[in-house]
Amino acid sequence: MAPASAIPSAVLPSVLPSLSPRMSGIKASPASVLRRRARELRAAGRDIIELSSGNLDFPTPDHVIAAAHQAALHGETRYTDVDGTPELKRAVRAALLRDHHLDYRLDEIVITSGSTQALFNALLATLAPDDEVIIPAPYWAPYLDQVRLAGAAPVVVPCAQNNGFKLRAEDLQAAISARTRWIIVNNPVNPSGALYSREDLSEIAAVLVRHPDIWVLADGLYEHIVFHGALAPTLAEIEPRLKPRTLTVSGLAKSYAMMGWRIGYAAGPSTLIREMITIQSQTTSGASSISQAAAVAALDGAQDVLLERAAILRAKRDRFAELVNECAGLSCTPPEGTFYLLVACAGVIGKRAPDGRVIRTDRDFSAYLLEAADVVVFAGEDLGLSPYIRVSFANPSATIEEAARRLKRACAALQ
């Protein structure tokens with residue numbers, strides 16, 4: 001039989017074999033798309049300011065890098081157990097006890113390649129067709145598609161601005177159905193920066209206690225980046241009756257500026273953790289051995305850096321919020337946590353750009369800022385809230401000042 005290269009193209013199939021139906025409606029993570037676009041534009045010579053990124057403008061702490069170096073030198077470069085090294089699991093256990101007064105056995109903890117994997121493993125291990133997952137909006141966009149990939153349906157519950165973009169107990173109760181399998185509570189919230197207080201979580205917990213067949217996913221990836229108090233609370237510490245069905249998820253990306261090290265973790269009932277480990281064993285296997293050694297140093301080392309960096313971010317938050325509020329048509333309130341401003345842009349909707357195009361949506365506005373100001377922002381449409389944009393203040397002070405100048409000029413040019 002002739003090799004494919006020798007067969008005339010006219011007789012080769014013109015249509016590829018079909019893809020999985022589960023990919024229908026699934027998109028690449030909006031954050032990954034924006035990162036790629038920013039890289040492409042920089043490569044083309046444009047002076048791009050990227051305000052859409054989840055990266056922090058801090059280095060990974062020196063002692064963490066040193067621990068990784070020593071691990072590599074000492075030959076810790078082989079596969080680890082799928083669920084993580086015993087050393088890191090003990091460090092996670094100690095951190096959860098220290099920070100949240102939550103005590104877990106080692107078989108109730110799994111180490112993952114970033115917190116995103118922990119979330120997906122849990123959903124895949126528990127969801128069936130026709131199940132529902134309650135997701136407060138605004139939300140981190142991948143929640144929705146992870147639920148869909150697992151074969152279930154996201155149920156989005158809008159959270160009003162006049163309640164600080166936080167889920168109200170009565171709205172949660174109204175969203176619960178016989179098919180509700182999970183609720184996801186992110187604290188503090190990406191993208192709004194809203195912070196659920198202990199009282200807020202107590203009200204949500206009171207509803208969930210009445211529904212014992214619902215899993216609770218507490219996503220605390222930004223828990224150390226709060227500006228009033230040292231740490232964001234989490235549901236299992238607020239209501240011990242929820243602990244047996246709560247999965248507490250976090251990671252080191254944001255707290256310790258370890259975005260690229262890709263270490264996350266989850267703690268919860270051993271029955272769920274076992275299934276998550278099984279899924280992980282058949283997909284990515286264990287997390288990086290070197291990254292795990294670095295994570296041990298981060299969690300076991302001095303924690304002063306967390307408060308120091310939160311103070312620096314608070315000053316940047318206040319400055320950027322002040323500058324954004326000087327832009328015609330834009331307004332924002334300084335958030336209680338994370339490193340994002342959720343900026344209302346209703347004041348620019350309906351205006352016309354210098355080239356005549358009308359700004360009809362926050363996505364149009366985001367496209368205009370990229371074209372006219374070389375600034376990349378996150379459109380609120382991808383976060384479940386319009387008309388808004390999300391911008392990061394985890395940037396050098398000079399970048400924040402220049403970004404604000406560009407935003408101000410771009411808004412002033414609209415008619």
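Fair warning: this is a prediction, and the values are worked out from it, not measured in the lab. Any value given below was found using the heavy atoms of this structure, including those in side chains, with hydrogens, waters and symmetry copies removed.
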Item to check | Check: Thr126/Trp215 side-chain N/O donor and acceptor closer than 3.5 Å | outcome: no
Checklist entry - Of all heavy-atom pairs between Ser53 and Asn55, which one has the smallest distance, and what is that distance? => result OG-N, 2.9 Å
Checklist entry - Do the side chains of Ile48 and Arg37 get nearer than 4.5 Å, heavy atoms only? => result no
Next on the checklist: Within the structure provided, determine whether Ile273 and Ile109 are in side-chain contact (heavy-atom separation under 4.5 Å).
Outcome noted: no
Checklist entry - What distance separates Ile134 CD1 from Trp182 CH2, expressed to the nearest 0.5 Å? => result 13.0 Å
Next on the checklist: Please report the interatomic distance CG(Leu407) to CG(Leu323), rounded to the nearest 0.5 Å.
Outcome noted: 9.5 Å
Checklist entry - For Tyr196, does its backbone N or O pair with a side-chain atom of Asn187 as donor and acceptor, under 3.5 Å? => result yes
Next on the checklist: Could you go through Arg405 and Arg409, starting from their C-alpha distance and side-chain angles, then the distance that decides it, and tell me whether this counts as side chain to side chain contact (heavy atoms under 4.5 Å, CB included)?
Outcome noted: CA-CA 6 Å; Arg405 283 191 288 269; Arg409 285 196 300 266; 4.0 Å; yes
Next on the checklist: Minimum heavy-atom separation for Tyr104 and Arg93, please, with both atom names.
Outcome noted: O-NE, 2.7 Å
Next on the checklist: Does Arg98, at its CZ atom, have more than 12 non-hydrogen atoms belonging to other residues, nucleotides or ligands within less than 6.0 Å?
Outcome noted: yes
Checklist entry - Between Asp374 and Arg46, does at least one N-O distance fall below 4.0 Å, as a salt bridge requires? => result yes
Checklist entry - Can we say Glu402 and Arg406 salt-bridge, meaning some charged N sits less than 4.0 Å from an Asp/Glu carboxylate O? => result yes
Checklist entry - Are Gln303 and His224 close enough that a side-chain donor and a side-chain acceptor fall under 3.5 Å? => result no
Item to check | For Arg309, salt bridge (charged side-chain N to carboxylate O under 4.0 Å, His left out) partners two or more places apart | outcome: none
Next on the checklist: Heavy-atom count check: over 12 atoms from other residues, nucleotides or ligands less than 6.0 Å from Asn325 CG?
Outcome noted: yes
Checklist entry - Are any side-chain N or O atoms of Arg390 and backbone N or O atoms of Gly380, one a donor and one an acceptor, separated by less than 3.5 Å? => result no
Item to check | Side-chain donor-acceptor contact under 3.5 Å, Thr361 with Arg363 | outcome: no
Next on the checklist: Any donor-acceptor pair under 3.5 Å linking the side-chain atoms of Asp362 with those of Ser386?
Outcome noted: yes
Checklist entry - Judged by modelled atom types alone, do Ser177 and Glu132 share a side-chain donor-acceptor pair under 3.5 Å? => result yes
Checklist entry - Hey, what's the ring geometry for Phe227 with Phe393, parallel, tilted or perpendicular (30° and 60° as the breaks)? => result tilted
Next on the checklist: Strictly below 4.0 Å, N to O, side chains only: are Arg319 and Glu401 in salt-bridge contact?
Outcome noted: yes
Next on the checklist: Taking Asp81 first and then Lys89, would you say they form a salt bridge - that is, a charged N and a carboxylate O separated by under 4.0 Å?
Outcome noted: no
Item to check | salt bridge (Lys or Arg N to Asp or Glu O under 4.0 Å) between Glu223 and Lys254, intermediate numbers included | outcome: CA-CA 9 Å; Glu223 62 187 356; Lys254 312 304 180 181; over 6 Å; no
Checklist entry - Between Ser20 (side chain) and Arg22 (backbone), is there a donor-acceptor pair under 3.5 Å? => result yes
Item to check | Salt bridge present between Glu371 and Arg357 (N-O < 4.0 angstrom) | outcome: yes
Checklist entry - Is the closest side-chain donor-acceptor distance between Gln173 and Arg210 under 3.5 Å? => result yes
Next on the checklist: For Asp213, is the CG atom crowded, meaning more than 12 foreign heavy atoms sit under 6.0 Å from it?
Outcome noted: yes
